[in-house]
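Below is one structure, written out as structure tokens; the observations come after it.
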Amino acid sequence: MNNLIIQNAAQVVTCSGFSGKHGKEMSDLQVIENGSVVVTDGLISHILKADESIPVNKQDYEILNATGKALLPGFVDPHTHFVFGGYREEEFSWRMRGDSYMDIMKRGGGIVNTTRATREATEEELFELGRQRLDAMMRLGITTVEGKSGYGLNRETELKQLRVMRRLNENHPVDIVPTYMGAHATPAEWKGREDAFIDFQINEMFPLVAKEGLAEAVDIFCEKGVFSIEQSRRYLTAAREHGFKLKMHADEIAPLGGAELAAELRCLSADHLLQASDEGIRTMAERGVVATLLPLTAFSLREKYARGREMIDAGCMVALATDFNPGSSFSASVPLLFALACIYMQLTPGEAVAALTINSAAAIDRADRIGSIDIGKQGDLVLLQFPSYKFLPYHVGMNCVETVIKRGEIV
Ligand code: NIG
Ligand code: FE
């Protein structure tokens with residue numbers, strides 16, 4: 001039936017808006033105290049203040065008493081690589097011994113290691129693993145997730161990953177927004193022929209993925225020793241001609257000028273940004289490129305965190321994501337994400353909430369449908385065990401989410 005009344009929440013943290021919030025706007029969450037929310041046919045139909053009566057026939061609705069609890073929009077995770085085969089626990093222990101992420105990648109570990117395992121996995125195996133991972137994310141309050149291909153690096157396995165995401169989207173309550181990431185690394189069979197590998201992406205893969213409607217956006221790992229600024233510009237410009245939205249892994253390890261390129265191309269988002277320059281931050285703010293920050297990755301790689309505070313002060317739209325993947329961030333821990341964003345990047349709790357709701361929806365071009373509690377939006381909501389959103393970073397590493405609601409249904 002998907003009709004639900006969430007009654008008398010200590011806070012209705014609306015994060016109201018139909019587009020991403022820039023800079024200072026991020027701290028205005030438009031909280032309603034002791035409010036109620038009605039979801040009708042899966043969509044938010046009424047948002048009521050304490051003194052307003054509920055103008056629907058209660059017999060037609062399931063009722064959830066939210067006294068003493070905070071109600072928020074469902075969390076949107078706009079950057080993950082959650083469909084993959086195999087694990088890389090050995091690489092984690094090598095890193096603890098002092099090896100760097102890039103050293104391991106250079107000697108044939110890293111992304112190409114996962115590529116081997118993903119090529120070997122059957123579609124059914126990847127589907128089952130993906131389903132389990134989505135279940136775990138949903139328990140943490142994630143109601144929409146972006147997922148990237150990029151562990152196939154050949155036609156067959158890239159398409160396999162994208163098909164798995166399509167099927168999961170049809171069979172799991174969490175919504176999946178697929179991104180094609182053919183240029184995640186250069187596989188062994190193309191080593192030393194990076195430009196030709198980019199040509200293969202442009203001439204063979206983009207038309208195929210576009211024709212089958214298997215991805216909305218295209219992404220590239222723009223990094224020293226992976227794909228250059230020039231290769232990224234060529235790849236992304238061609239992707240746009242095929243109708244894809246543009247995303248970048250930018251300025252993660254070395255300051256290459258990825259943020260500047262994202263601004264030049266008006267990408268939907270640039271992600272990581274640990275090494276983004278002042279000029280890159282300024283132009284991203286000016287051009288409305290969402291800065292998607294991934295502190296679980298910085299934490300796992302023991303790198304310095306992105307300059308989240310400065311980005312918000314410079315007027316950027318800052319979003320947060322888990323970057324869930326088997327290498328640099330084998331975690332979808334929303335609780336730890338909130339804590340790191342506030343403790344190490346100096347976001348306020350309110351800004352962190354905006355970054356994982358309305359702004360992360362903007363990072364996948366969904367701010368018109370999800371990411372806030374506004375009339376007409378999808379009834380994707382989370383009810384906390386506590387009366388305020390401020391518990392999210394404060395209850396460090398602990399799951400505050402008590403109930404997850406997807407399109408008006410308790411899941
Ligand atoms: O976002 N940096 C590149 N890509 C992923 C890591 C993928 C992997 O190590 O498997 C990231 O961190
Ligand atoms: Fe990533």
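Ligands are counted one by one from 1 in listed order, and the atoms in each one are counted from 1 as well.
- Checked options K148, Q201, Q161, E216; the residue passing with Y180 is Q201 (criterion: side-chain hydrogen bond (donor to acceptor under 3.5 Å, both in side chains)).
- At a cut-off of 2.8 Å, measuring from the Fe ion (ligand 2), the protein N, O or S atoms that fall short of it are H79 NE2, H81 NE2, H249 NE2, D323 OD1, waters left aside.
- With Y344 as the fixed residue, the ring pair (Phe, Tyr, Trp, His ring centres under 6.0 Å) test singles out one of F338, F299, Y305: Y305.
- Using a 4.0 Å heavy-atom criterion, the residues that approach ligand 1 are H79, H81, R88, Y101, I111, Y151, H184, F221, H249, E252, H272, D323, N325, G327, S328.
- With a 6.0 Å cutoff to the six-membered ring centre and a 45° limit on the axis angle, R193 does not count as a cation-pi contact of F200.
- Counting heavy atoms from C-beta outward, I373 and P73 have side chains that approach closer than 4.5 Å.
- Judged by distance alone, the side chains of H184 and D219 never bring a donor and an acceptor atom under 3.5 Å apart.
- One N or O on the side chain of D251 and one on the backbone of L256 form a donor-acceptor pair closer than 3.5 Å.
- Using modelled atom types, one finds a donor on one side chain and an acceptor on the other under 3.5 Å when comparing K247 with S269.
- K377 forms a cation-pi arrangement with F18, by the criterion of a distance under 6.0 Å to the ring centre and an angle within 45° of the ring axis.
- Geometrically, R133 does not engage F82 in a cation-pi contact defined by less than 6.0 Å to the ring centre and at most 45° from the axis.
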